[in-house]
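Everything below concerns the one structure shown next.
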Amino acid sequence: PPVTGIELRRISMPLVAPFRTSFGTATVRDVLLVRAVTPEAEGWGECVAMGEPMYSAEYAEGAADVLRRFLIPALPKDADPYGVSRALSSVKGHRMAKAALETAVLDARLRASGESFAGFLGAARDRVPCGVSVGIMDSVPELLDAVQGYVDEGYVRIKLKIEPGWDLAPVRAVRERFGDDLLLQVDANAAYTLADAPHLARLDAFGLLLIEQPLAEDDLVQHASLARTVRTPICLDESIESAAHAAAAITLGACSVVNIKPGRVGGYLEARRIHDLCQAHGVPVWCGGMLETGLGRAANVALAALPGFTLPGDTSASRRYFATDITAPFTLEDGHLAVPTGPGLGVEPIPEILKEVTVDTEWIPL
Ligand SMILES: O=C(O)CCC(=O)N[C@@H](C(=O)O)c1ccccc1
């Protein structure tokens with residue numbers, strides 16, 4: 001059955017606490033949702049682009065514009081999920097916008113056929129172990145309190161955001177307070193340069209799982225050089241926007257772990273290709289997060305259940321970011337999230353909550 005139209009919906013989700021990274025502090029999540037409507041079912045896609053182009057070049061308003069003017073008009077009416085990326089390939093870049101549209105079409109098709117996202121993607125587990133991302137804080141004591149809270153909630157892995165001036169001290173304090181058994185990693189969001197290699201090598205003393213994206217997103221060669229200086233495994237995030245990027249990074253020795261974010265790489269089909277490629281090379285992957293609502297979170301948890309996702313991801317409970325999620329909340333059980341089993345994403349927005357957080361909605365007939 002044809003896709004009869006697409007809804008672009010902007011929602012504004014207040015965060016339970018400010019979330020500070022090396023590129024800024026967020027207090028609200030400005031989200032663009034895409035809804036694909038067919039006579040049989042409708043599907044949802046969540047665009048992970050932030051409100052401002054600080055993490056990557058994309059941003060919510062820009063994604064809405066490129067969807068409205070270029071991507072949706074290029075969508076064939078009988079769009080099947082595999083055909084969507086081909087139909088959109090004439091538009092350069094805008095992977096997060098493309099991912100949201102592809103996911104909405106995929107979700108609609110799966111809801112109609114009754115197949116779950118997990119089943120379609122090839123999930124191997126019915127629940128996934130969850131890590132949590134901890135922002136940069138004003139002081140080490142404040143950080144230790146936050147980490148204590150997450151450890152008490154049962155998170156199996158802690159990720160600390162770092163930047164020049166906030167790295168060795170917080171990592172040392174967490175390692176000393178919580179001991180050597182705590183699974184611990186850091187994320188620099190590209191805040192360092194190769195000149196910082198000797199400084200970053202001092203993180204080797206803390207038994208970290210990995211150092212995520214220490215250098216700029218297009219510094220594959222520099223990351224390969226850093227990997228020869230630092231013993232802690234290098235993980236890439238911003239640098240990996242496709243399976244081709246992952247292949248290049250592995251060939252160059254730029255990373256030995258990959259953070260897969262479906263939105264960043266253009267969708268769940270490309271995310272699975274990266275998973276398959278990394279598995280073939282013995283490179284562990286984990287599922288990153290972009291403060292998704294329950295819609296994106298549901299799809300990420302399904303992806304995180306694939307066999308090659310051997311490290312806990314940033315698939316936290318809904319309450320990590322939102323007091324009220326737009327779907328039934330994902331709640332941590334014994335450090336794990338259950339993989340949704342219903343058709344498609346297996347979750348849907350709660351109408352009255354969605355209405356409350358909606359800033360703008362726009363219907364685009366096909
Ligand atoms: O748990 C989550 O959803 C967020 C995990 C996280 O730290 N995301 C980071 C990142 O760089 O990976 C991020 C946050 C905000 C915006 C972009 C990226």
Side-chain angles (χ1 to χ4, degrees), residues 13 15-32 46-60 63 95-96 99 128-137 143 146-147 149-150 153 155-163 166 170 184-192 209-217 235-241 255 257-265 271 285-301 303-304 311-322 325-327 329-330 332 335 337:
M13 303 274 288
L15 297 181
V16 293
F19 185 61
R20 184 175 156 196
T21 67
S22 67
F23 55 79
T25 302
T27 56
V28 174
R29 188 70 174 87
D30 175 3
V31 185
L32 169 65
E46 178 167 349
C47 180
V48 297
M50 307 301 292
E52 298 83 33
M54 311 305 282
Y55 162 79
S56 73
E58 293 188 76
Y59 59 102
R95 295 173 196 274
M96 293 176 179
V128 296
C130 298
V132 66
S133 177
V134 185
I136 293 167
M137 304 249 167
L143 174 75
V147 172
Y150 294 131
E153 279 186 60
Y155 284 102
V156 303
R157 180 271 281 146
I158 296 290
K159 158 170 146 178
L160 302 178
K161 290 290 181 176
I162 61 170
E163 65 182 11
W166 178 268
L184 184 61
Q185 65 193 54
V186 295
D187 182 0
N189 287 115
Y192 297 87
L209 284 171
L210 53 91
I211 300 176
E212 185 181 354
Q213 198 69 45
L215 312 180
E217 77 171 64
C235 173
L236 292 179
D237 169 355
E238 288 90 331
S239 295
I240 310 295
E241 292 192 336
C255 67
V257 184
V258 173
N259 165 342
I260 297 180
K261 288 178 177 175
R264 182 192 76 223
V265 303
V285 301
W286 54 282
C287 187
M290 294 286 287
L291 286 71
E292 286 93 346
T293 72
L295 291 171
R297 200 160 294 277
N300 287 353
V301 169
L303 179 75
L311 287 167
D314 285 343
T315 48
S316 310
S318 295
R319 61 178 291 205
R320 163 70 184 83
Y321 296 104
F322 310 118
D325 204 337
I326 56 170
T327 65
F330 279 84
L332 205 64
L337 287 184

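These numbers come from a predicted model, not from an experiment. Ligands are counted one by one from 1 in listed order, and the atoms in each one are counted from 1 as well.
Put simply, no part of M54 is less than 4.0 Å from ligand 1, judged by heavy atoms. Not a single heavy atom of R320 lies less than 4.0 angstrom from ligand 1. For K161, the closest heavy-atom approach to ligand 1 falls below 4.0 Å.
Contact annotation: for N189 versus ligand 1, heavy atoms closer than 4.0 Å belong to the side chain alone. Counting heavy atoms under 4.0 Å from ligand 1, residue D237 touches it through the side chain alone. Heavy atoms of D187 found under 4.0 angstrom from ligand 1 belong exclusively to the side chain.
Of all atoms in ligand 1, listed by their number and element, those nearer than 4.0 Å to a heavy atom of K261 are 10 (C), 11 (O), 12 (O), 18 (C). Using a 4.0 Å cut-off to heavy atoms of K159, the atoms of ligand 1 that qualify are 6 (C), 7 (O), 12 (O). Set against the non-hydrogen atoms of S133, the atoms of ligand 1 under 4.0 Å away are 5 (C), 6 (C), 7 (O).
Taking the charged nitrogens against the carboxylate oxygens, R297 and D314 have no contact shorter than 4.0 Å, which rules out a salt bridge.
R319 has its side chain out of reach of P329: every pair of non-hydrogen atoms, C-beta onward, lies at least 4.5 Å apart. Counting heavy atoms from C-beta on, the side chains of T315 and W286 never come closer than 4.5 Å. Side-chain contact check for V147 versus L160: some heavy-atom pair is nearer than 4.5 Å. Two residues are said to be in side-chain contact when any heavy atoms from C-beta on lie closer than 4.5 Å; R29 and M50 meet this criterion.
With hydrogens left out, the protein atom closest to atom 16 (C) of ligand 1 is M50 SD, 3.3 Å, a heavy atom. Nearest protein heavy-atom contact of atom 8 (N) of ligand 1 is G289 O, 3.0 Å. Here the heavy atom of the protein found nearest to atom 3 (O) of ligand 1 is L291 N, 2.8 Å.
Contact detail for I136 and S22: the closest heavy-atom pair is CD1-N, 3.9 Å. Nearest heavy atom pair, residue C235 against residue P214, reads O-CD, 4.4 Å.
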Verdict with reasoning, Y55 to D237, per side chain to side chain contact (heavy atoms under 4.5 Å, CB included): CA-CA 11 Å; Y55 162 79; D237 169 355; 2.5 Å; yes
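Of the options F19, F23, Y321, Y55, the smallest heavy-atom separation from atom 1 (O) of ligand 1 is shown by Y321.
For the pair R20 and W166, the cation-pi criterion (under 6.0 Å, within 45° of the ring axis) is not fulfilled.
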